[in-house]
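Taking it in order: structure first as structure tokens, then the write-up.
Just so it is clear, the values below take in all heavy atoms, side chains as well, and ignore hydrogens, waters and symmetry mates.
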Amino acid sequence: YAPWCPACKQMESTWESFAKESERLGINVGKVDVTQEPGLSGRFLVTTLPTIYHANDGVFRRYRGSRTLEDLQGYILERKWEAVEPVAGWKSPSSIMMHGMAGLFHLSGWIRQIHNYLTGTLGVHVWISYGIFILATLLIGLLLGL
């Protein structure tokens with residue numbers, strides 16, 4: 001979820017009620033703020049918010065059903081998750097590919113912080129900051145090419 005997401009805000013009370021029922025359902029329920037954990041949004045390929053995953057014994061399934069408390073509970077109690085195709089092996093959050101994707105998301109956050117430091121703290125013009133990143137990209141490409 002993200003704190004600015006209208007759909008996430010709409011679902012918040014339902015999700016909290018679902019979390020309160022977690023012990024009775026024999027599951028753990030959590031939520032992750034993708035603005036605070038960009039690596040996880042990359043690892044899970046989050047493209048829409050809110051995104052719900054069911055994980056059991058290292059197998060991940062994306063929940064695409066209705067967002068009502070009854071349907072969420074039914075998904076668990078009636079074991080509807082068994083009929084859902086697991087996330088493909090290479091797209092699994094525990095795969096090497098998704099570890100790399102998480103690293104790219106962390107890198108993009110780091111680049112954004114550097115850009116904000118250059119423009120906000122040091123007062124460098126935005127286009128000069130872009131120029132610095134362009135030059136750095138070219139230099140890294142040249143070094144890797146050698």
Side-chain angles (χ1 to χ4, degrees), residues 1-122 126 129-130 132-146:
Y1 85 100
W4 49 262
C5 170
C8 298
K9 289 179 184 177
Q10 184 180 14
M11 190 183 171
E12 190 170 8
S13 64
T14 301
W15 192 253
E16 288 177 12
S17 297
F18 185 54
K20 288 177 185 172
E21 294 289 318
S22 65
E23 189 174 325
R24 181 180 69 82
L25 296 171
I27 61 172
N28 293 314
V29 175
K31 65 180 183 178
V32 175
D33 181 348
V34 295
T35 62
Q36 298 296 316
E37 298 293 338
L40 282 177
S41 66
R43 183 172 287 182
F44 282 84
L45 282 178
V46 174
T47 56
T48 58
L49 294 173
T51 299
I52 301 172
Y53 276 94
H54 173 267
N56 188 19
D57 294 330
V59 178
F60 296 88
R61 292 172 170 86
R62 184 160 176 193
Y63 176 79
R64 297 182 189 269
S66 172
R67 308 281 171 97
T68 65
L69 179 59
E70 295 76 25
D71 287 333
L72 290 167
Q73 290 173 336
Y75 187 77
I76 301 301
L77 291 172
E78 298 167 22
R79 301 179 70 91
K80 292 179 182 178
W81 53 269
E82 291 176 335
V84 175
E85 185 75 24
V87 174
W90 68 273
K91 287 169 66 175
S92 173
S94 58
S95 72
I96 292 172
M97 177 80 91
M98 292 300 108
H99 281 283
M101 184 68 76
L104 287 175
F105 274 65
H106 282 295
L107 177 64
S108 70
W110 184 68
I111 290 171
R112 186 174 356 143
Q113 288 177 341
I114 292 172
H115 173 74
N116 289 339
Y117 175 76
L118 290 173
T119 58
T121 306
L122 298 181
V126 172
S129 175
Y130 292 160
I132 291 169
F133 284 108
I134 290 169
L135 286 173
T137 302
L138 291 172
L139 289 174
I140 290 170
L142 287 171
L143 289 173
L144 289 174
L146 293 174

task = Would you sort out whether Gln73 and Leu25 count as a side chain to side chain contact (heavy atoms under 4.5 Å, CB included), showing the intermediate values?
result = CA-CA 8 Å; Gln73 290 173 336; Leu25 296 171; 4.2 Å; yes

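Scanning both residues, Val34 and Ala2, for their nearest heavy atoms gives CG2-CB, 4.1 Å. Leu72 and Met11 make their closest contact through CD1-CE, 4.1 Å (heavy atoms, listed as atom of the first residue, atom of the second, distance).
Distance CD1/Ile140 to CZ/Phe133: 10.0 Å, rounded to 0.5 Å. Rounding to the nearest 0.5 Å places CG of Leu143 at 6.5 Å from CG of Leu139.
Among residues two or more places apart in sequence or in another chain, the side-chain contact (heavy atoms from CB on, under 4.5 Å) test is passed with Val29 by Trp15, Phe18, Ala19, Ser22, Ile27. In terms of the ring-ring contact (aromatic ring centres under 6.0 Å, His included) criterion, Tyr1 has no residue partners (sequence neighbours excluded). Partners of Ile132 according to the side-chain contact (heavy atoms from CB on, under 4.5 Å) rule, which considers only residues two or more places apart in sequence or in another chain, are Leu118, Ile128.
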Please list, one pair per line, the donor and acceptor atoms closer than 3.5 Å that link side chains of residues 49-60 to other protein atoms, with sequence neighbours excluded.
residue: Thr51; atom: OG1; partner: Thr48; partner atom: O; Å: 2.3
residue: Tyr53; atom: OH; partner: Phe44; partner atom: O; Å: 2.8

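The 12-atom threshold is exceeded at CD of Glu16, counting heavy atoms of other residues, nucleotides or ligands nearer than 6.0 Å.
Judged as a salt bridge (Lys or Arg N to Asp or Glu O under 4.0 Å), the pairs with a partner in residues 19-33 (not counting sequence neighbours) are, in order, Glu12-Lys31, Glu21-Arg24. Evaluation of the salt bridge (Lys or Arg N to Asp or Glu O under 4.0 Å) test over residues 71-81, restricted to residues two or more places apart or in two chains, returns Glu78-Lys80, Arg79-Glu82. Evaluation of the side chain to side chain donor-acceptor pair (under 3.5 Å) test over residues 106-119, restricted to residues two or more places apart or in two chains, returns His115-Ser129.
Between Arg62 and Leu45 there is no side-chain heavy-atom pair separated by less than 4.5 Å.
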